[in-house]
Protein chains: 2
Amino acid sequence: MGQAEQKTSRKPRADSLRNREKLLRAARDVFSAGGPEASLEAVARTAGVGIGTLYRHFPTREALFRDVYAHEVDELEALAGATSSAADPVEALRLWLHAAVGMVATKKGMLAALAPAVDSTDPFFAETTSRTRGAVERLMARAVASGAIRDDVSAEDVIRALIGMCYTRDQPGWQPTVLRLLDVFVDGLRTGPKG
Amino acid sequence: MGQAEQKTSRKPRADSLRNREKLLRAARDVFSAGGPEASLEAVARTAGVGIGTLYRHFPTREALFRDVYAHEVDELEALAGATSSAADPVEALRLWLHAAVGMVATKKGMLAALAPAVDSTDPFFAETTSRTRGAVERLMARAVASGAIRDDVSAEDVIRALIGMCYTRDQPGWQPTVLRLLDVFVDGLRTGPKG
DNA sequence: TTGATAAACGGAGGCACCCTCCGTATAACA
DNA sequence: TGTTATACGGAGGGTGCCTCCGTTTATCAA
């Protein structure tokens with residue numbers, strides 16, 4: 001006893017896989033607009049599936065949130081890869097930061113509201129955090145190697161600056177302001193005299 | 001026109017005043033347990049009044065929250081006055097910090113969740129913040145004057161440390177840990193050699 | 001003291017959200 | 001093409017938000 005019999009299981013149903021994807025896309029949109037506290041029923045509505053289907057795929061809000069978050073980190077990494085092949089390495093970094101602001105819009109309230117709430121030893125968040133840091137490190141290494149930016153600022157510093165600037169994300173029209181501040185910051189990173 | 005006729009208004013009803021007090025007491029308890037997002041119906045239930053009465057006295061959650069917050073700041077100031085008359089000035093500061101942790105428990109999630117959300121130019125929060133800072137400044141001035149603690153740490157620094165340490169307030173059993181950390185911090189403030 | 005009345009009370013009601021449960025529909029397999 | 005494991009949808013019960021209004025009551029004048 002205790003040995004569960006294992007029957008050759010069927011392959012997952014096609015509609016199930018489709019709905020999962022629809023839910024993830026919808027969750028990205030809805031969390032983007034309303035933050036991680038947004039209504040799950042709104043997610044289901046947006047996805048065009050029943051609320052029961054949402055809960056079957058993602059038993060808790062956290063489960064859904066994590067998948068969305070992991071997806072965003074994937075995109076950030078991919079974006080870093082893409083821009084890093086661009087001409088000017090500093091421009092690549094700048095573009096990446098701008099894209100990251102777009103992601104913070106998606107993760108509205110996420111960093112402040114969830115990261116501290118979750119046990120920081122949580123392997124999931126540790127992993128995604130380090131992946132993000134790695135992406136920034138690669139971007140910066142190129143710019144430093146080319147001598148375009150100073151070498152005494154770490155990827156963590158840049159991310160911290162990014163997060164800090166995004167702290168105003170609750171005020172209306174924050175995004176253009178933050179983008180401008182980031183441009184100033186990037187200018188500050190550049191080596192050589194001004195004017 | 002436009003001149004509202006002023007009739008000698010009656011004096012406020014006694015039950016109204018009573019209920020307001022009951023609501024404030026209840027709000028303090030309920031916010032203490034559940035943070036500023038706690039159920040207003042729970043507040044009304046705890047106060048033993050109808051939900052309509054709550055909304056009549058405090059038309060918005062913010063209105064209720066502010067009154068509770070102002071009350072807490074009053075207490076912090078009063079406490080600073082009380083402990084400052086105590087024997088050892090460093091001990092006075094330490095006691096005040098411990099009491100402040102109790103207040104953060106009441107204001108669960110308040111600093112992180114509300115302070116940045118509210119426009120920081122908001123006169124209400126500016127005023128309460130400066131009152132709190134003033135209280136700490138007075139406590140520290142005494143300790144500095146007596147030569148017991150270093151003089152290169154500002155009241156704002158101390159408050160920042162307090163807030164930072166309280167960032168773990170979501171984890172179970174955070175309070176004893178924070179109190180211990182604060183004691184260590186206060187020891188760090190002391191002048192003179194160790195051991 | 002007693003009535004009139006302004007003021008306050010309480011909670012029902014309409015809406016949204018959370019999550020569970022289960023009858024129905026359907027994709028996978030034989 | 002039939003069987004059946006799997007997934008679907010949404011009703012339903014609970015909670016909270018806030019408004020509205022019929023009822024109660026404290027105040028004040030006679």
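Letters A, B, ... mirror the listed sequences (proteins, then strands); counts begin at 1.
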Could you state the [atom1]-[atom2] distance from [X] to [N], rounded to the nearest angstrom?
X	N	atom1	atom2	value
B:F58	C:dC9	CZ	P	11 Å
A:R18	C:dT26	CZ	P	11 Å
B:L54	C:dC9	CG	P	11 Å
B:L17	D:dT27	CG	C1'	13 Å
A:R56	D:dA5	CZ	C1'	13 Å
B:Y55	D:dC21	OH	P	18 Å
B:E37	C:dC18	CD	P	14 Å
B:R20	C:dC9	CZ	C1'	16 Å

Q.
Judged by each residue's nearest nucleotide on DNA chain D, which is more toward the 5′ side, B:A14 or B:R45?
A.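 Nearest-nucleotide comparison on DNA chain D picks B:R45.
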Q. Which sits closer to the 5' end of DNA chain D, B:R61 or A:G50, going by the nucleotide each is nearest to?
A.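 Mapping each residue to its closest nucleotide by heavy atoms, the 5'-most match is A:G50.
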(Q) Given A:H98, which partner from the list A:V186, A:T83, A:L179 fulfils the side chain to side chain contact (heavy atoms under 4.5 Å, CB included) test? (A)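 Considering A:V186, A:T83, A:L179, a side chain to side chain contact (heavy atoms under 4.5 Å, CB included) with A:H98 is found only for A:L179.
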Out of [options], whichever nucleotide has its closest atom nearest the side chain of [X]:
X	options	answer
A:R10	C:dA27, C:dG11, C:dA8	C:dA27
A:D15	C:dC17, C:dA27, D:dC18	C:dA27
A:I51	D:dG10, D:dT27, D:dG9	D:dG10

Q: Between B:G52 and A:R13, name the one whose nearest nucleotide on DNA chain C is closer to the 5' end.
A: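 It is B:G52, whose closest nucleotide lies nearer the 5' terminus.
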Q.
On DNA chain C, compare the nucleotides closest to B:E41 and B:P12; which residue's is nearer the 5' end?
A.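 The residue mapped nearer the 5' terminus is B:P12.
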When you check the phosphate oxygens OP1 and OP2 of [N], does a side-chain N or O of [X] lie under 4.0 Å from one of them?
X	N	result
A:S16	D:dT6	no
B:N19	C:dA8	no
B:S39	D:dG16	yes
B:T53	C:dA8	no
B:H57	C:dC9	yes

**Q.** Check against salt bridge (Lys or Arg N to Asp or Glu O under 4.0 Å), A:R94 and A:D88
**A.** CA-CA 10 Å; A:R94 201 182 68 85; A:D88 178 4; over 6 Å; no
Q) If you measure from the Lys or Arg side-chain nitrogens to the Asp or Glu carboxylate oxygens, is any gap between B:R20 and B:D67 under 4.0 Å? A)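 The answer is yes: the pair qualifies as a salt bridge.
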Q: Working to the nearest 0.5 Å, report the span between CG of A:L76 and CG of A:L79.
A: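 Output value for this atom pair is 7.0 Å.
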Q. In Å and rounded to the nearest 0.5 Å, what is the CZ to CG distance from B:R28 to B:L64?
A.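 If we round to the nearest 0.5 Å, B:R28:CZ and B:L64:CG are 11.5 Å apart.
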